[in-house]
Number of protein chains: 2
Amino acid sequence: MSACIRLYADPVQINQCKEKLEQTQEAFATMSGVLALAGNEARLKILYLLEEEKELCPCDLSDILGMSIPAISQHLRKMKDGGIIQARKERQTIFYSLKPEHLKMLRGLFKYIQQLKQQNQFV
Amino acid sequence: MSACIRLYADPVQINQCKEKLEQTQEAFATMSGVLALAGNEARLKILYLLEEEKELCPCDLSDILGMSIPAISQHLRKMKDGGIIQARKERQTIFYSLKPEHLKMLRGLFKYIQQLKQQNQFV
DNA sequence: TATTTATTTAAGTATTTGCTTAAATAATAA
DNA sequence: TTATTATTTAAGCAAATACTTAAATAAATA
């Protein structure tokens with residue numbers, strides 16, 4: 001694949017890297033999937049709000065984020081399919097909340113958002 | 001925007017949520033940008049490898065990941081533009097490394113990848 | 001029963017993404 | 001100088017994204 005014919009390439013290093021990735025292959029697929037979900041501003045805000053408020057319905061989220069109901073609904077479906085949120089039905093209303101699955105990781109991200117916020121206040 | 005006319009919507013809660021988001025607006029934009037970069041399997045692996053190996057050139061990355069040089073180069077440019085990696089030139093070779101900027105957050109992600117790996121080993 | 005309400009789904013579309021191949025740069029070596 | 005090497009850039013393209021509007025579900029109410 002590579003077009004480079006390096007004198008100083010370290011074949012041992014290259015192979016060690018390949019092995020490391022192979023052993024961790026599944027984790028990278030899972031992780032990049034979750035990060036891709038969180039890597040959209042609307043979805044990141046939804047996740048943050050679900051952590052703060054415990055649960056919210058599509059209608060509330062639409063109000064809060066100023067986005068259409070179908071747009072919200074489609075983001076929610078994506079995250080539900082991705083296994084990071086869950087739904088609970090109460091009469092006509094569907095309440096979404098964070099799934100425990102990747103909660104620890106998401107909380108790490110929220111903590112970092114708070115740090116960024118603090119930094120911005122002093123700039 | 002919303003089509004729902006809820007009897008039980010809590011306008012105080014809705015407004016508190018809106019305010020929280022407004023105060024944190026910039027942080028969400030920054031954060032989702034970084035997560036979008038990490039939310040691609042190839043790029044996540046590149047970031048991980050740069051953490052492990054300190055620095056690597058496009059050619060090494062091409063070998064390790066089994067991807068074409070231009071594909072790697074374009075991912076690197078995207079992450080450089082996004083401010084999460086930096087370049088150093090030595091003769092003909094360009095060495096890329098993680099920028100200190102969001103390193104703390106990225107390390108949190110790498111730690112979580114290791115945890116996922118451990119879990120997979122016992123499934 | 002018919003209507004209203006909350007939500008989802010479907011279809012359409014403009015934009016973005018992530019690769020490909022080919023060409024352009026820039027530094028080194030012959 | 002010319003050729004080689006490492007990398008970037010450009011152009012093209014198929015697929016994925018993220019919205020839109022309109023229609024379909026499903027539960028509650030009149």
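Computed from a prediction, not measured in an experiment: that's the story for all the values here. Chain letters run A, B, ... following the sequence lines, proteins first and then strands; every chain starts at 1.
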| query | Of the non-hydrogen atoms in B:Lys18 and A:Ile64, which two are nearest, and what is the gap between them? | reply | CG-O, 3.7 Å
| query | Thinking salt bridges, do A:Lys45 and A:Glu52 make one under a 4.0 Å N-O criterion? | reply | no
| task | Using heavy atoms and a sub-4.0 Å distance, could you list which residues of residues 24-46 of chain A are near DNA chain C? By number, please. | result | none
| said: Between B:Met31 and B:His102, does the side chain to side chain contact (heavy atoms under 4.5 Å, CB included) criterion hold? Intermediate values first, please. | reply: CA-CA 9 Å; B:Met31 189 68 176; B:His102 298 287; over 6 Å; no
| remark: Quick note, B:Ile94 side chain, CB onward, closest among D:dA6, D:dT21, D:dT8 is D:dT8
| request: Using whole Å, report how far CG of B:Asp60 lies from P of D:dA6. | output: 10 Å
| task | Just do the side chain to side chain contact (heavy atoms under 4.5 Å, CB included) check on A:Leu76 and A:Leu61 with the steps written out, would you? | result | CA-CA 10 Å; A:Leu76 289 171; A:Leu61 288 166; 4.0 Å; yes
| side chain to side chain contact (heavy atoms under 4.5 Å, CB included) between A:Leu44 and A:Ile113, worked out | CA-CA 10 Å; A:Leu44 186 60; A:Ile113 289 174; 4.0 Å; yes
| field | B:Arg88 CZ - D:dA6 C1' separation (whole Å) | value | 15 Å
| request: In whole angstrom, give the distance that lies between atom CZ of B:Phe95 and atom C1' of D:dT7. | output: 13 Å
| request: Step by step, work out the salt bridge (Lys or Arg N to Asp or Glu O under 4.0 Å) result for A:Glu22 and A:Lys20. | output: CA-CA 6 Å; A:Glu22 269 167 37; A:Lys20 272 186 205 167; over 6 Å; no
| request: In sequence, state the C-alpha distance, the side-chain angles, and the governing distance for B:Leu103 and B:Ile84, and then conclude on side chain to side chain contact (heavy atoms under 4.5 Å, CB included). | output: CA-CA 8 Å; B:Leu103 195 49; B:Ile84 60 175; over 6 Å; no
| said: From CG of B:Leu65 over to C1' of C:dG18, roughly how many Å is that when rounded to an integer? | reply: 14 Å
| query | Between A:Ser68 and D:dT20, is there a side-chain N or O to OP1/OP2 distance below 4.0 Å? | reply | yes
| note | Looking only at heavy atoms, the pair that brings B:Glu90 and B:Arg88 closest together is OE1-NH1, 2.9 Å
| message | Strictly below 4.0 Å, N to O, side chains only: are B:Glu41 and B:Arg43 in salt-bridge contact? | response | no
| query | Is B:Ser97 close to B:Leu50 at the side-chain level, that is, under 4.5 Å between some pair of heavy atoms? | reply | no
| Per-nucleotide protein contact string for nucleotides 24-30 of chain D (B base, S sugar-phosphate only, - none; heavy atom under 4.0 Å) | --SBSS-
| note | Atom CD1 of A:Ile69 and atom P of C:dT8 are separated, to the nearest Å, by 9 Å
| Quick one, which residues of residues 73-85 of chain A touch DNA chain D with a heavy atom under 4.0 Å? | A:Gln74, A:His75, A:Lys78
| request: Give a yes/no on whether any side-chain N or O of A:Tyr96 is located under 4.0 angstrom from OP1 or OP2 of C:dT8. | output: yes
| task | Evaluate the criterion side chain to side chain donor-acceptor pair (under 3.5 Å) for residue pair A:Tyr48 and A:Glu53; output intermediate values, then yes/no. | result | CA-CA 9 Å; A:Tyr48 177 85; A:Glu53 307 296 319; over 6 Å; no
